[in-house]
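All remarks here apply to the structure that follows.
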Amino acid sequence: MKYLFELGRQPEISTAELKAVFSHKNIELKNPITKSHFLTAEIDEDIDTKHIAKNLGGTMKIGQAIKNVGDPIKSIVHFLHENNSGKIHFAVSGEVTKKTGIAIKKQLKSLGRSVRFVETKNTASILHNNLVEKKSDFTVLENEIFVTEAIQDIEGFTKRDFGRPGSDDKSGMLPPKLARIMINLSEIKPTDTLLDPFCGSGTVLTEALSLGFENILGSDISQKAIDDTKQNVEWLNKKFDLTPKTFDLYTSDAGKLSTHIKPNTVHAIVSEPYMGKPLRGNENKETLKKQAKELGQLYIESFTAFHKILKKDGVAIFIIPKFRHEDKWISIDCLDEIKKIGFEILPLAPRPEKREMKGVDSLTYWRTKQYVGRERWKFKKR
Ligand SMILES: C[S@@+](CC[C@H](N)C(=O)[O-])C[C@H]1O[C@@H](n2cnc3c(N)ncnc32)[C@H](O)[C@@H]1O
């Protein structure tokens, strides 16, 4: 069957997440094609799209191809007429305009059907109009039509965010969807042990918990961060009855973690580390270079400790920032040292059409006007 995945704001990292999740399930995504913020692929096995969509951080919706009986309008009219009783509510998006929706509505009316064309602006409108249950949200892409089978668990993300006690400084918080993507990129099992050594208010850990991870560890140099994480995890335990088997927190410098955690015990480290002082954009080159050097030192010390506590073949999904100065990047020079410590870099898959590109191992996230770019890396302990 052919499937369509509507990707989130960062299509490259969403694609990498999808590939990691399917490869972990031993399911092949055949002929993957990315077009703007969509990925289509053939999948031979039966897949539980609802379960998969619920666990992904970077995919907005999953659709399955329907029969094309000539053109998209005819096909959607045919599908809706066959599969819906009573009043039909439907939406259509992708490479079509409002005109397509109006034409579908007109044809259904001429068949004697009562019908409403819902102009969906986002995934929330699909949810609120129950279009997944009604099998009546369609995406048209290159003359192929996909009916939406599942959408992202937007309600879950909102519930986990709303009322969270220990997150006074949201600006320093990793977005939960991104935390989830990073956990999925690690490709570890929920029974494995996951550590965030710069846990802040605990977003990676709470997302891991909500994904069903049973053994979670967190550490941070700040006692306040540890208190926030403790509060947030306990709150999530109560609210959703999610109780980890192991949940240990340490107030520690990341470089000293091996004094707290036993050697060869952690399966994955997933972290957005300390990335230096927030930048205003008016810092001079020397200041930025100094910050890059200090952070490089911190990451090298941290990876020395990670190497001790990770199991063999254990992985680290880690963000390394780079700083913008007068249209150029000031990068942190630490990769060679991290390799020397005993890590190899696993490429985070580039988009299929860029596959021939060499050296695309990390995925960078940077928005124009931001002074910090975030490179996501996957390391494996040798
Ligand atoms: C970017 S925040 C992490 C945010 C976190 N991922 C979240 O989503 O809530 C960075 C954290 O690193 C911590 N930190 C700074 N230097 C550290 C060090 N040397 N070792 C461990 N933690 C450190 C800070 O206290 C801060 O909580």
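Indexing begins at 1, ligand by ligand and atom by atom, following the structure's order. Counting from 1, the numbers follow the sequence of the chain as shown.
Using a 4.0 Å cut-off to heavy atoms of Leu174, the atoms of ligand 1 that qualify are 7 (C), 8 (O). Which parts of ligand 1 touch Leu298 is read off a 4.0 Å heavy-atom cut-off, strictly below it: atoms 19 (N). Every atom of ligand 1 with a heavy atom of Ser222 under 4.0 Å away is listed here by number and element: 25 (O). Set against the non-hydrogen atoms of Ser201, the atoms of ligand 1 under 4.0 Å away are 9 (O). Residue Gly202 has at least one heavy-atom neighbour below 4.0 Å for each of these atoms of ligand 1: 9 (O).
Contact annotation: for Cys199 versus ligand 1, heavy atoms closer than 4.0 Å belong to the backbone alone. When heavy-atom distances to ligand 1 are checked against a 4.0 Å cut-off, Val204 has no atom that comes that close, whether in backbone or side chain. Residue contacts with ligand 1 for Ser302 are absent, since no atom lies close enough (heavy atoms, distance under 4.0 Å). Contact annotation for Pro273 and ligand 1: only backbone heavy atoms (N, CA, C, O) come within less than 4.0 Å of the ligand.
The N/O atoms of Ala225, backbone and side chain alike, include none that comes under 3.5 Å of an N/O atom in ligand 1.
Taking 4.0 Å as the cut-off, Pro197 counts as a neighbour of ligand 1 on heavy-atom distance. Assignment of Met275 to the shell around ligand 1 is not supported, since no heavy atom sits closer than 4.0 Å. Distances shorter than 4.0 angstrom occur between a heavy atom of Asp220 and an atom of ligand 1. Look at Ser252 and you'll find a heavy atom under 4.0 Å from some atom of ligand 1.
Between Leu205, Thr229, Thr203, it is Thr203 that holds the heavy atom closest to atom 7 (C) of ligand 1.
In this structure, Phe117 and Lys105 approach most closely via the heavy-atom pair CB-CD, 4.1 Å. Taking each heavy atom of Pro244 and Ile216 in turn, the nearest pair found is CB-CG1, 4.3 Å.
Stacking of Lys67 on the aromatic ring of Phe79 is not recorded, the 6.0 Å distance cut-off and the 45° axial limit not both being met. Under the 6.0 Å distance and 45° angle rule, Arg164 does not count as a cation-pi partner of Phe162.
Phe90 places a side-chain heavy atom less than 4.5 Å from the side chain of Ile104.
The closest side-chain donor-acceptor pair between Asn284 and Lys289, if any, does not fall under 3.5 angstrom.
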Show me the side-chain donor-acceptor pairs of residues 321-337 shorter than 3.5 Å, one per line, residues at least two apart or across chains.
residue, atom, partner, partner atom, Å
Lys322, NZ, Glu375, OE2, 3.2
Glu337, OE2, Lys340, NZ, 3.1

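Here CG of Asp153 is found 11.5 Å from OG1 of Thr123. Values are rounded to the nearest 0.5 Å.
Shown are Glu144, Glu6, Glu142; of these, the salt bridge (Lys or Arg N to Asp or Glu O under 4.0 Å) with Lys35 is made only by Glu142.
Aromatic ring orientation, Tyr299 versus Phe318: perpendicular (interplanar angle above 60°, classes split at 30° and 60°).
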